[in-house]
Number of protein chains: 2
Amino acid sequence: MQAPSLAKVTRVDASAEAVAADLGVLMKHMFRTTNREIFSAVEEAGITFTQVKCLGILDELPSPIAIGALSETLGLSVPAISRAVDGLVQRGEVKRTEDPRDRRSKLLTLTAKGRRTFERFAALRFAGLKRFVADMSDEEREALAAGLRPLAGRLSP
Amino acid sequence: MQAPSLAKVTRVDASAEAVAADLGVLMKHMFRTTNREIFSAVEEAGITFTQVKCLGILDELPSPIAIGALSETLGLSVPAISRAVDGLVQRGEVKRTEDPRDRRSKLLTLTAKGRRTFERFAALRFAGLKRFVADMSDEEREALAAGLRPLAGRLSP
DNA sequence: TATTGTTATACTCTATAACTATA
DNA sequence: TATAGTTATAGAGTATAACAATA
């Protein structure tokens, strides 16, 4: 893309209020256009949203995590996580082993199957976002690309 | 804000893939920083997420809506909506009256109390977005403002 | 006879409480 | 005695099925 013509670089209200309002509009539309499909895919896979979130946490963490820590991360009770994880172990998505340094604690890691499962859902979510982006005009998409880059560059590892 | 210096207007990948990826990063962070508070506020108010969504639909529609239509809009079963609405009626948030042209159908409208309730949650969500935006650097926020404006301008009424 | 909404029933997920095993 | 996790039990929300009222 070329540097934009000056005609496009009009002043924009960059107050927190204005930006938050526009962000709210964007979020609402993004949800409506991308969410329903994932919802039905998760349900069809016979898995729980909580279980998908468990997979997501395990996917992004570099080292194993225990039930209690996972519970705290997701803001759900320990028994709820224990049950969710138990289901994942039975499905072969997660490996649960005793921590050798404290045998009360169980360390959780993704199996290859679990990683594939999570990546399938992540791909579905990404496809929804892509469709949303592809529906924009070229001008909208280019402006958004330039506006997101500094922030996304900092936030993503 | 002045027109940006040329140094800032570097080329950015505006492909659907790149923009969708950055949008995904933004969304994830937005959730993590803004959602937990609303979650606890809803629970503390003794109301259901489904009921809040019902209030939101009624708030934005110009005319009354029936149970069946609300059910379809939210993607939940008619009995689930019937129960959710019943709770809202008992709390005085929603008015439910027979449609005079088809007395099987019940028309739903927000009461003043219902509108206030929804606006309280909307304000909470907005405050979360504002905090998220206020945490950015000036450069990030200004770039985002310019990038969101065309899209948000089109999407919002 | 078909349709709109409500009530009945069963199921899933979650939280609190009770429990087991390690520390 | 305290802590990590599991199992027991109860509660909330949803879906399917059965029903009542109206078309």
Side-chain angles (χ1 to χ4, degrees), chain A residues 35-36 38-58 61 63-91 93-109, chain B residues 35-36 38-58 61 63-91 93-109:
Chain A
N35 255 20
R36 187 140 326 176
I38 290 180
F39 199 83
S40 61
V42 168
E43 156 169 299
E44 186 171 328
I47 200 172
T48 299
F49 255 99
T50 294
Q51 288 177 316
V52 174
K53 284 186 205 152
C54 288
L55 296 180
I57 302 291
L58 294 176
L61 286 184
S63 50
I65 184 177
I67 300 278
L70 192 51
S71 153
E72 189 145 347
T73 302
L74 290 176
L76 293 173
S77 70
V78 168
I81 298 302
S82 177
R83 286 239 150 80
V85 165
D86 197 63
L88 291 170
V89 169
Q90 283 176 26
R91 291 166 59 106
E93 318 262 10
V94 165
K95 192 176 69 170
R96 177 179 47 190
T97 59
E98 279 183 351
D99 183 342
R101 291 170 311 179
D102 180 347
R103 291 172 48 221
R104 293 172 302 181
S105 180
K106 310 296 163 58
L107 295 180
L108 308 173
T109 50
Chain B
N35 254 19
R36 189 142 321 179
I38 290 180
F39 198 81
S40 61
V42 167
E43 155 168 298
E44 187 172 328
I47 200 172
T48 300
F49 254 99
T50 294
Q51 289 177 316
V52 174
K53 284 186 203 152
C54 288
L55 296 180
I57 303 291
L58 295 177
L61 286 184
S63 50
I65 185 177
I67 300 278
L70 191 52
S71 153
E72 189 145 346
T73 302
L74 290 177
L76 293 173
S77 70
V78 169
I81 297 302
S82 177
R83 286 238 151 81
V85 165
D86 196 62
L88 291 171
V89 170
Q90 283 177 25
R91 290 166 58 104
E93 319 262 10
V94 165
K95 192 177 68 171
R96 176 178 49 189
T97 60
E98 278 184 350
D99 182 343
R101 291 168 311 182
D102 181 347
R103 290 174 46 220
R104 293 172 303 181
S105 180
K106 309 296 164 60
L107 295 178
L108 308 173
T109 49

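All chains are named by letter (A, B, ...) in the order of the sequence lines, taking the proteins before the strands, and each is independently numbered beginning at 1.
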Practice task
For a side chain to side chain contact (heavy atoms under 4.5 Å, CB included) with Thr50(B), tell me which candidate from Val85(B), Leu88(B), Leu76(B), Leu55(B) qualifies.
Solution key: Leu76(B)
Calculate the interatomic distance between [X] atom [atom1] and [N] atom [atom2]; express it in whole Å.
X: Ile67(A); N: dT20(C); atom1: CD1; atom2: P; answer: 20 Å
X: Lys106(B); N: dT3(C); atom1: NZ; atom2: C1'; answer: 13 Å
X: Phe49(B); N: dA12(D); atom1: CZ; atom2: P; answer: 18 Å
X: Lys53(A); N: dC13(C); atom1: NZ; atom2: P; answer: 13 Å
X: Leu74(A); N: dA15(C); atom1: CG; atom2: P; answer: 11 Å
X: Glu72(B); N: dT4(C); atom1: CD; atom2: P; answer: 10 Å
X: Phe39(B); N: dA12(D); atom1: CZ; atom2: P; answer: 15 Å
X: Glu43(A); N: dT16(D); atom1: CD; atom2: C1'; answer: 13 Å

Practice task
Please tell me which of Arg83(B) and Arg83(A) maps to the more 5' nucleotide of DNA chain C, matching each residue to the nucleotide holding its nearest heavy atom.
Solution key: Arg83(B)
Exercise for the section: Using the closest heavy atom to pick a nucleotide of DNA chain C for each, name whichever of Leu107(B) or Arg104(A) lands nearer the 5' end. Expected result: Leu107(B)
Fill in the blank from the handout: Leu58(A) and Thr109(A) have their tightest heavy-atom pair at CD1-C, 4.5 Å
Exercise for the section: Indicate the atoms forming the closest heavy-atom contact of Cys54(A) with Leu70(A), along with that distance. Expected result: SG-CD2, 3.9 Å
Handout entry: Per Pro79(B) side chain, nearest of listed nucleotides dT16(C), dT7(C), dG5(D)
Key = dT7(C)
Problem - Nearest listed nucleotide, side chain of Ala80(A), among dG5(C), dA23(C), dT14(C) - result: dT14(C)
May I ask you to verify if any side-chain N or O of [X] is less than 4.0 angstrom from the OP1 or OP2 atom of [N]?
X: Thr50(A); N: dC13(C); result: no
X: Arg96(B); N: dT6(C); result: yes
X: Ser82(B); N: dT6(C); result: yes
X: Thr48(B); N: dG13(D); result: yes

Handout entry: Validation row: Gln51(B), Val42(B) side chains within 4.5 angstrom (heavy atoms)
Key = no
Problem - Heavy-atom check, side chain of Ile47(B) versus side chain of Arg91(B), under 4.5 Å - result: yes
Practice task
Confirm from the modelled atom types if Arg103(B) and dT22(D) form a donor-acceptor pair under 3.5 Å, side chain to base only.
Solution key: no
Using a cut-off of 4.0 Å on non-hydrogen atoms, how would the nucleic acid contact of [X] be classed: base, sugar-phosphate, or nothing?
X: Ser77(A); result: base
X: Leu76(B); result: sugar-phosphate
X: Ala84(B); result: nothing

